[in-house]
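Down below is the structure, laid out as structure tokens.
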Amino acid sequence: MNISLSYPEEKPLNGVLDITGSKSQSNRLLTLLKLFDLDLRLNNLSTSDDTNVLIKALETSRGIVDVQHAGTSMRFLTSYFALKAKDALILTGSKRMQQRPISILVDALNSMGANISYKNKKGFPPLEIRPVDQWDSKVSLQANTSSQYISSLMLIGGYLKNGLEIQLIGKVTSRPYILLTQYTLESIGIKSTFVNNKIKIWPFNKSQVEYLNIESDWSSASYHYSLMALSKHSESELKLSSFYQKSIQGDSHVARIYTQLGVHTLFNDGQIVLTKRKEKKGFNHTMELNLSDTPDLAQTIAVTCFGLKIGCHLKGLHTLKIKETDRLEALKTELSKLGAQIEVNENSLKLSPRTIPIHRHVAIDTYDDHRMAMAFATLGILVPIRINDVKVVSKSYPQYWTDIQKLQFEMA
């Protein structure tokens with residue numbers, strides 16, 4: 001399914017939206033609740049495909065488990081099933097998932113005593129996981145890789161008899177996601193520390209809480225920051241809920257970053273109010289950012305900068321090569337269609353300030369990647385644009401197109 005988008009030039013951008021709960025926090029909590037058989041109520045659970053896939057998979061302990069495109073589920077379930085599988089189990093996913101490396105996590109688990117092997121290509125899903133009884137309580141792995149590998153190990157640490165000590169080697173990537181996992185462990189009563197590249201998880205005893213509130217997803221909110229930055233009307237205002245000023249999500253940095261792109265954020269009783277800044281202070285000709293802690297914001301920021309006619313140099317993006325698609329190459333291809341001058345390498349992106357009008361009525365390919373669809377759709381506020389395969393947004397933000405309609409975009 002494809003959608004053509006445009007926006008009435010004379011209208012300011014106004015609306016009130018409820019954003020789905022954080023996918024990252026939801027998936028961590030769901031894994032922990034199933035692992036420890038806890039009966040806790042979760043408020044504002046994510047409605048994303050990734051979360052629904054995980055819920056279904058957690059009800060399985062044998063046979064074939066297909067996580068489709070859900071990378072987080074693949075990583076978390078690898079550790080979970082290494083502990084909880086009742087018989088030989090196959091963990092697999094989509095064609096793209098079978099191209100995404102997982103050897104660092106598998107090697108770490110096997111070094112602890114797990115019995116995981118590769119069904120096809122070494123280092124990649126599908127995995128065959130067999131139950132084991134004996135587990136070591138110490139493990140080491142490279143730190144400059146996907147934080148989901150580290151989080152996956154952290155989630156099972158409290159289940160082991162002696163807890164778990166994880167030694168990280170090298171510079172840590174996406175540290176906020178590790179801190180989010182630590183926060184989530186502690187929210188149900190699992191003690192942990194993270195000092196000098198060493199993570200210590202203590203054995204779980206019991207939880208004293210009956211319910212937990214899940215903050216809405218800041219990654220999803222980022223697309224509305226982009227819309228506000230691109231809006232030409234000073235009276236534009238968006239209200240989004242439910243968000244906290246002291247957030248545990250790394251992508252909450254979007255509020256700080258977008259002050260440089262003309263967006264002001266007001267926190268008001270669990271809601272954020274986005275408005276245009278009267279003075280665009282810090283509106284640089286070229287924006288330089290290291291996004292190693294927040295790589296999921298890269299597509300949104302690059303598209304916003306292109307729309308605003310400013311350049312950007314985004315670094316720390318090496319993990320984007322192994323996401324739903326090679327996001328750096330995908331950005332280069334699709335922005336070039338629109339008239340951008342852009343260069344990418346293994347870990348960075350350099351976009352030149354735009355000097356020509358945006359090409360109109362361009363069809364944007366989404367590469368089975370939800371973030372490509374949502375990031376590029378924001379340009380519809382400036383020029384008519386077509387987004388191909390729009391259903392991919394359900395991976396993280398199922399109501400995205402409904403929310404876009406609420407903001408009075410014209411869709412066909």
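Numbers here are sequence positions counted from 1. Predicted model only: the values in this text are computed from it and were never measured.
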Checklist line | Any side-chain heavy-atom pair of Cys312 and Leu289 under 4.5 Å | finding: no
Item checked: Test item: Asp369 side-chain N/O and Arg371 main-chain N/O as donor-acceptor pair under 3.5 Å -> yes
Next item on the list: Before accepting this row, confirm whether a basic side-chain N of the pair Arg41/Glu210 lies closer than 4.0 Å to the acidic partner's carboxylate O.
Entry: no
Notebook entry, point to check: Between Lys23 and Asp296, is the closest basic N to carboxylate O distance under 4.0 Å?
Noted result: no
Margin query: One thing to verify: whether Lys34 and Glu59 come together as a salt bridge, which I'm taking to mean a side-chain N less than 4.0 angstrom from a carboxylate O.
Written below: yes
Checklist line | Polar side-chain atom of Gln98 near backbone of Thr92 as donor-acceptor pair, under 3.5 Å | finding: no
Checklist line | Audit row: Ser46, Ser26, side-chain hydrogen bond (donor to acceptor under 3.5 Å, both in side chains) steps and yes/no | finding: CA-CA 6 Å; Ser46 171; Ser26 294; 4.8 Å; no
Notebook entry, point to check: Any side-chain heavy atom of Trp401 sitting closer than 4.5 Å to one from Leu5?
Noted result: yes
Next item on the list: Evaluate the side-chain contact (heavy atoms from CB on, under 4.5 Å) criterion for residues Leu155 and Ile201: first the C-alpha distance (whole Å), next the side-chain angles of each, then the deciding distance (0.1 Å), finally the verdict.
Entry: CA-CA 9 Å; Leu155 290 174; Ile201 314 292; over 6 Å; no
Next item on the list: Determine the interplanar angle of the His224 and Tyr397 rings, folded into 0 to 90°, and report it as parallel if under 30°, tilted if 30 to 60°, perpendicular if over 60°.
Entry: perpendicular
Margin query: Less than 4.5 Å apart, side chain to side chain, heavy atoms only: is that true for Val393 and Pro398?
Written below: no
Next item on the list: Could you check if a side-chain atom of Thr47 sits within less than 4.5 angstrom of a side-chain atom of Gln399, using non-hydrogen atoms only?
Entry: yes
Item checked: Worked check of side-chain contact (heavy atoms from CB on, under 4.5 Å) between Phe376 and Thr366 -> CA-CA 9 Å; Phe376 277 87; Thr366 52; over 6 Å; no
Notebook entry, point to check: Taking the six-membered ring for Trp, are Tyr223 and Tyr400 parallel (under 30°), tilted (30 to 60°) or perpendicular (over 60°)?
Noted result: perpendicular
Checklist line | Sequence neighbours excluded - side-chain hydrogen bond (donor to acceptor under 3.5 Å, both in side chains) pairs with any residue from residues 241-250 | finding: Asp18-Ser241, Glu215-Ser247, Glu215-Gln249, Trp218-Ser247
Check: Are side-chain N/O atoms of Tyr225 and Thr265 paired as donor and acceptor at under 3.5 Å?
Finding: yes
Item checked: Closest non-hydrogen atom pair, Lys138 against Leu164 -> N-CD1, 4.1 Å
Next item on the list: In sequence, state the C-alpha distance, the side-chain angles, and the governing distance for Ile90 and Val65, and then conclude on side-chain contact (heavy atoms from CB on, under 4.5 Å).
Entry: CA-CA 6 Å; Ile90 304 298; Val65 177; over 6 Å; no
Next item on the list: Answer yes or no for Lys121 and Phe124: cation-pi contact, defined as NZ/CZ to six-membered ring centre under 6.0 Å and angle to ring axis within 45°.
Entry: yes
Check: In terms of side-chain geometry, is the basic nitrogen of Lys95 or Asp368 positioned less than 4.0 Å from the acidic oxygen of its partner?
Finding: no
Note to self: I'd like to know whether Asp49 forms a salt bridge (Lys or Arg N to Asp or Glu O under 4.0 Å) with Lys395, so could you lay out the CA-CA distance, the side-chain angles of the two residues, the decisive distance to 0.1 Å, and finally the verdict.
What the structure shows: CA-CA 4 Å; Asp49 281 356; Lys395 187 176 194 298; over 6 Å; no
Item checked: Atom of Ala298, atom of Leu291 and distance for their closest heavy-atom approach -> CA-CD1, 3.7 Å
Next item on the list: Please determine which of Val139, Ile156, Ile104 meets the side-chain contact (heavy atoms from CB on, under 4.5 Å) test together with Leu109.
Entry: Ile156
